[in-house]
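Working notes for the structure below.
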Amino acid sequence: MKPTFYITTPIYYVNDVPHIGHAYTTIACDALARYHRMKGKKVFFLTGTDEHGEKVQKTAVQQGVSPRELADRVVTRFQGLSAALNVTNDDFIRTTEPRHYASVTELFRRSQQNGDIYLGEYEGWYCTPCESYWTDLQIADGKCPDCGRTVERRKEPSFFFRLSKYQKPLLDYYGRNPSFIRPESRRNEVAAFVAGGLNDLSVSRTSLSWGIPIPGHPGHVIYVWYDALTNYITGVGYPGGGERFDTFWPADIHMVGKDILRFHAVFWPAFLMSAGIAPPMGVFAHGWWTVEGQKMSKSLGNVVDPYEMVEVYGADAFRYFLLREVPFGQDGDFSRKGLVHRINSDLANDFGNLLNRTLGMLGKYFGGTVPLSSPSGGEDQALIALSRDVADAVDRAMEAVEFHKALSSIWDLVKAANRYVDVSAPWTLAKDPAKRDRLGAVLYNLLEAARICVLLSAPFVPAASQKMWEALGCEGAVAAANLSAAGAWGGLRSGVTLPKSAVAFPRIEE
Ligand code: ME8
């Protein structure tokens, strides 16, 4: 097992406050970071904000403030997401920090030094909202191929990066690393794009002042994507030559939305190859959310505010819904009805109830003291075998970044444990004093199955799982438990006294 794991979110534009899309990527990364920590790895998890560029400058002008003032104000909304969503990022990078200026300048200098950057003049069709130039071929009837808005003709002196030179190295890299771009369908898309030929890329602007200046070339600032992508190495200490960089680079996963995959899977590895730095090991593109069946937009007024979700439904429920509802990588639809349904059926009924009814029976029949473990019957062995299979399935799913599969496997165990209650009928065993040992074994097995479910679900529902962990008499933070050691059957301690109930997932009125 590789002992380290470095995961990143995109850095978010500060021209607007966080919405469900930002929360989604961040939560997905957090679940992975937590999972890999519980596997015993040294994890570095980076998120942050993208503060330069035309979009931010424009919004600042509209609001009558400087871009830096705008950034300073909006960044707190993104930083606050970590506490609200229970997210465990190790650092938060802002592209306006001095450490990032040093990093971008050095990366650029290295490419310049080996001849991959040259001064030219750029002319093209420019889409301002997308910050992209397009060629004649790409614009159908004068509209941006990405967003459909009108483009304008523009020309300016610009530094270019020799992206064309990296066509073959990129294709070779994809070939050697079949899991570099995931999901697989996206890999084919990107590979086809690269195989179609790459134009050199304009990497500086003179039409813009809000950016990182290029030393020795007054008037030029670094193009926003070159600036933004570089955050991933700044965050681990580039170019300081420190231990963190050596430990964590190359990153294991850059998590991104499908709209920005190309920047990460084509431009970014090429910039790094040019500077003699190893490309990242993986880029994963997730899908987009619609809201109640409609595209999310400010004008429709249907933007989902993660802070509101946390306030109304709780962070655990929101996290669970986002990662359970939709196969990761595909698009999905967010609805309050769907969220409430998942809370009541999966969380409150299935999982919460399993623990709560077992604690109730333990209180009633054993004064709350955990009996000895003495599995005997076939149904006991089946439950134990299932718990092992589920732990393996969760591991495979998490390695494949398939959260929905991991969660559905955990729920296989939750549901099997609930069935085990019905089949073993503790209330009937309790009537016969000769069956007291058997009653004890049944309750032990139930509590133990619940404990394993709690452990496996900890990366997804961190607060509730901690509450359940404590209710099961387990010590310390569940987030700090080691999955393989703690996940072995029989880890629950006998003889401890547990509470008579624990409500980890309250029901919500529909
Ligand atoms: O793109 N559903 O920042 P950003 C799911 N600064 N995800 C969505 C979404 C939706 N409805 N809408 C947006 C940027 N997103 C750059 C990144 S990285 C070096 C620079 C996702 O704030 C979108 O796919 O505009 C993207 O991954 C993320 O939100 C950030 O968007």
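When reading the values below, keep in mind they use all heavy atoms of this one structure, side chains included, and skip hydrogens, waters and symmetry mates.
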Would you say that Arg324 contacts Ser408 through its side chain, given a criterion of any heavy-atom pair below 4.5 Å between the two side chains? yes

One pair to check against side-chain contact (heavy atoms from CB on, under 4.5 Å): Trp288 and Met296. What are the steps and the verdict? CA-CA 10 Å; Trp288 270 41; Met296 184 171 72; over 6 Å; no

Just so I know, are the side chains of Leu85 and Asp30 near enough to count as touching, which here means a heavy-atom distance under 4.5 Å? no

Starting from the C-alpha separation in whole Å, work towards a yes-or-no answer on ring-ring contact (aromatic ring centres under 6.0 Å, His included) for His254 and Tyr232. CA-CA 9 Å; His254 293 315; Tyr232 301 129; 4.1 Å; yes

Spell out, as yes or no, whether a donor-acceptor pair under 3.5 Å connects the side chain of Arg451 to the backbone of Ala486. yes

Do the rings of Phe44 and Phe248 sit parallel, tilted or perpendicular, given the 30° and 60° boundaries? tilted

Expected output: side-chain Arg182 to main-chain Val283 donor-acceptor under 3.5 Å: no

Just wondering, more than 12 heavy atoms not from Asp437 lying within 6.0 Å of its CG? no

Looking at Arg187 and Glu184, does any basic side-chain N land under 4.0 Å from a carboxylate oxygen? yes

Leu229 side chain near Phe267 side chain, heavy-atom distance below 4.5 Å: yes

Strictly under 6.0 Å, is that where the ring centroids of Phe263 and Trp268 end up? no

Look at the side chain of Asn482 and the backbone N and O of Ala485, then say whether any donor-acceptor pair between them is shorter than 3.5 Å. yes

Taking atom types as modelled, find out whether His100 and Thr95 have a side-chain donor-acceptor pair closer than 3.5 angstrom. no

Evaluate the ring planes of Tyr238 and Phe245, with Trp represented by its six-membered ring, and classify them as parallel (under 30°), tilted (30 to 60°) or perpendicular (over 60°). tilted

Yes or no on side-chain contact (heavy atoms from CB on, under 4.5 Å) for Thr8 and Phe45, after CA distance, side-chain angles and deciding distance? CA-CA 6 Å; Thr8 66; Phe45 168 18; over 6 Å; no

Tell me yes or no: between the side chains of Gln79 and Arg94, is some donor less than 3.5 Å from an acceptor? no

Any donor-acceptor N or O pair under 3.5 Å, side chains Tyr420, Asn445: yes

Flag for Thr88-Arg37: side-chain donor and acceptor within less than 3.5 Å: yes

Do Tyr174 side-chain atoms and Ala265 backbone N/O form a donor-acceptor pair below 3.5 Å? yes

Determine whether a donor-acceptor pair (N or O, by modelled atom type, separation under 3.5 Å) exists between the side chain of Arg319 and the backbone of Pro459. yes

Taking atom NZ of Lys405 as the centre, does the number of heavy atoms from other residues, nucleotides or ligands within less than 6.0 Å exceed 12? no

Is any side-chain heavy atom of Phe505 closer than 4.5 Å to one of Asp346? no

Could you check whether any side-chain N or O of Arg186 sits under 3.5 Å from a backbone N or O of Lys258, counting only pairs where one atom can act as donor and the other as acceptor? no

Quiz question: by atom type and distance under 3.5 Å, do the side chains of Thr47 and Asn89 form a donor-acceptor pair? no

Just by distance, no angles: are the side chains of His286 and Thr25 close enough, under 3.5 Å, to form a donor-acceptor pair? yes

With no hydrogens and no angle check, is any side-chain donor or acceptor of Asp305 less than 3.5 Å from a backbone partner on Tyr307? yes

Do Asp331 side-chain atoms and Thr290 backbone N/O form a donor-acceptor pair below 3.5 Å? no

Taking Asn353 for its side chain and Ala348 for its backbone only, find out whether a donor-acceptor pair lies under 3.5 Å. no

Can a side-chain donor-acceptor contact be found between Ser465 and Lys467 if the only test is distance below 3.5 angstrom? no

Charged N to carboxylate O under 4.0 angstrom, Lys337 versus Glu325? no

Will you find, in the side chains of Thr26 and Tyr12, an N or O donor that is under 3.5 Å from an N or O acceptor? yes

Take Tyr320 and Ser457 through the side chain to side chain donor-acceptor pair (under 3.5 Å) test and state the conclusion after the steps. CA-CA 9 Å; Tyr320 174 79; Ser457 64; over 6 Å; no

Can any side-chain N or O of Glu448 pair as donor or acceptor with the backbone N or O of Gly491 at less than 3.5 Å? yes

So, Arg493 and Glu475, do they make that salt bridge, N to O below 4.0 Å? yes

Can you see whether Asn418 engages Arg357 through a side-chain donor-acceptor pair at a distance of less than 3.5 angstrom? yes

